[in-house]
Amino acid sequence: MTLNETHDRNLKSWIESANNPGTDFPIQNLPFATFLSASSDRSRVGVAIGNMVLDLRACVHERFFSDSVAQGCDADDLSFLMAAGLVHSSELRRAISGLLAENSERRPEQCLVPMSECTLLLPTRIGDYSDFYASIHHATNVGSMFRPDNPLLPNYKHVPIGYHGRASSIIPSGTPVQRPMGQTLDAASGKPSFGLSRSLDYECEVGAFIGVANELGKPVSIEDAGSHIFGLCLVNDWSARDIQSWEYQPLGPFLSKSFATTISPWVVTMEALEPYRVPRPARPAGDPEPLPYLDGAIDRDGGAIDLTLEVRICSRKMREQGIAPLRLSRAHFRELYWTLAQLVTHHTSNGCNLRPGDLLASGTVSNAAKDSRGCLLELTWRGAEPLTLPTGEARKFLEDGDEAVITGYCENASAIRIGFGECRAIVQA
């Protein structure tokens, strides 16, 4: 994929809010979502531009698109656009950019809806969800808590580690999260009991939506993997750490993860992210190089994405006192040990078929510094180093009424800043 006129950092929109410094949604972004408006009870596809949403169904009905571009724009969600492939989505992006540019002769003003009047839904029906463990810093930190003498298992540097999650409990940003029940081990008695989790945690992750499918039995090569990813979102893979530590051996996470996964509603396309591609990180001296099926020139030269992720927390008491959410961490997605293309390639290497709308998550994104750790398990070191909130409250893990907020943005010297919106939810009993 190459840069084109839609990436021009000097491009402006006739929608003034899209030109505001720091906006997540300038004309260079144009992410997709599925939404409901106050005037309709049928979901539709929209594009974010400043503080407005461009209703693509309305654009079709008002004949702002050619017949070829209009395909999928009248749908109830993003499923058609995801499956249609990068050529079609690129053509649609060009058409939308042209309509919204400040020099546009045709302005679809009647097709705009204030974002504040929209209810944002899941982008598409998610058939399958897989979660990976792509941050070596996260894997090493967690491993050292439970296996101090052997924190990183010997397969980690050879194979992308992942597990199959639960698609049915994926929820859009803003949906409250119920504290889960589960079986936990009492350390003092050595006996298990059943009750509410007391070690509820967030996990700051990035999700990749699959676009074009691969056939069952036909793996996706590392050179072709990028063409199967439609776009990215933010993910909070909620985790009940006390349930997890009791149940995960020998088969891995189960009920400690399946109760809820929150995702941001806006899907930032891979084309919008093209200016922020960077070479994948060089492996440290002594580390094995990826096996040939996980290695390719395209991935080496531009397999990482320069995306900054931040996590904030706001307790009930903080909201009552009007205190802004406290930033807990800032991490860089570009530093992951495994790239998105490697995740797709490995997932399909046994012939597994990925379908449009399937979601692949990166796993917790953590870097080397303490203030870049993407979950409370790492930040509080399993509760041994509690955090102090502006109200004086201490936190080892999340309490009822706490809200976790994940944000993400890309920027560099040659491209304008684009953002992902928010992935947020409040914990309730």
Side-chain angles (χ1 to χ4, degrees), residues 1-3 7 9 24 28-29 31 131-141 156-157 160-162 203-209 222-223 225-226 229-237 264 267-285 287 289-290 294-311 327-346 360-375 378 406-421 423:
M1 194 176 295
T2 58
L3 301 183
H7 298 103
R9 66 168 294 119
D24 275 353
Q28 291 83 356
N29 192 350
D131 195 19
F132 284 87
Y133 205 40
S135 168
I136 194 169
H137 299 292
H138 173 64
T140 302
N141 285 337
Y156 185 87
K157 295 180 180 181
I161 304 299
E203 288 193 342
C204 176
E205 307 191 13
V206 173
F209 276 104
I222 189 71
E223 299 292 354
I229 302 174
F230 176 78
L232 306 185
C233 68
L234 305 175
V235 175
N236 183 345
D237 189 44
S264 57
V267 182
V268 179
T269 64
M270 299 311 293
E271 184 168 18
L273 292 167
E274 193 65 23
Y276 314 98
R277 285 193 173 275
V278 292
R280 76 183 186 207
R283 293 202 166 187
D287 278 14
E289 289 302 314
L294 293 172
D295 192 25
I298 294 176
D299 196 53
R300 286 194 299 271
D301 295 341
I305 297 172
D306 194 5
L307 162 60
T308 300
L309 300 165
E310 297 183 347
V311 181
R327 194 183 76 198
L328 299 181
S329 67
R330 175 186 287 156
H332 301 289
F333 187 62
R334 65 173 183 261
E335 295 185 20
L336 291 190
Y337 199 79
W338 298 102
T339 66
L340 292 174
Q342 288 172 323
L343 302 187
V344 171
T345 295
H346 183 66
L360 274 58
S362 62
T364 302
V365 180
S366 296
N367 301 157
K370 183 174 181 178
D371 64 359
S372 69
R373 297 172 181 173
C375 63
E378 294 176 83
I406 301 173
T407 56
Y409 59 90
C410 299
E411 61 181 350
N412 60 37
S414 60
I416 197 168
R417 178 192 185 279
I418 67 171
F420 283 67
C423 177

Kindly determine whether E310 and L328 satisfy side-chain contact (heavy atoms from CB on, under 4.5 Å), including the steps that lead there. CA-CA 8 Å; E310 297 183 347; L328 299 181; over 6 Å; no

Got a donor-acceptor contact below 3.5 angstrom from the [X] side chain to the [Y] backbone?
X: R334; Y: D306; value: no
X: D237; Y: T364; value: no
X: Y156; Y: Y133; value: yes
X: S264; Y: G421; value: no
X: N367; Y: H332; value: yes
X: S372; Y: A369; value: yes
X: E205; Y: G363; value: yes

Any donor-acceptor N or O pair under 3.5 Å, side chains D371, S329: no

Decide whether E274 and H7 meet the rule of one side-chain donor and one side-chain acceptor closer than 3.5 Å.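 Per modelled atom types, E274 and H7 side chains form no pair under 3.5 Å.
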
Pairing of D299 and R277 as salt bridge, 4.0 angstrom limit: no

Can you name the closest pair of heavy atoms from [X] and [Y] and give their distance?
X: T345; Y: A225; value: OG1-CB, 3.6 Å
X: L343; Y: P160; value: CD2-CB, 3.9 Å
X: C375; Y: H138; value: SG-CE1, 3.9 Å
X: Y409; Y: R330; value: OH-NE, 4.0 Å
X: V268; Y: A272; value: CG1-CB, 4.0 Å

Is any side-chain heavy atom of [X] closer than 4.5 Å to a side-chain heavy atom of [Y]?
X: P279; Y: D301; result: no
X: L307; Y: V206; result: yes
X: R280; Y: P290; result: yes
X: F420; Y: D24; result: no
X: L309; Y: L234; result: yes
X: I305; Y: L340; result: yes
X: F209; Y: L232; result: no
X: F333; Y: T308; result: no

Do I418 and L273 pass the side-chain contact (heavy atoms from CB on, under 4.5 Å) test, and can you show the C-alpha distance, the side-chain angles, and the key distance before you say yes or no? CA-CA 9 Å; I418 67 171; L273 292 167; 4.2 Å; yes

Carefully, step by step, assess Y337 and R283 under the rule side-chain contact (heavy atoms from CB on, under 4.5 Å). CA-CA 8 Å; Y337 199 79; R283 293 202 166 187; 3.3 Å; yes

With respect to S366, which candidate in E203, R373, E378, H137 satisfies the side chain to side chain donor-acceptor pair (under 3.5 Å) definition?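 Option passing the side chain to side chain donor-acceptor pair (under 3.5 Å) with S366: E378.
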
Enter the distance from I229:CD1 to L360:CG here, rounded to the nearest 0.5 Å.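 Reported to 0.5 Å precision, the distance equals 8.0 Å.
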
Checking V235 against C233 for the side-chain contact (heavy atoms from CB on, under 4.5 Å) test, could you report, in this order, the C-alpha distance in whole Å, the side-chain angles of both residues, the deciding distance, and whether it holds? CA-CA 7 Å; V235 175; C233 68; 4.0 Å; yes

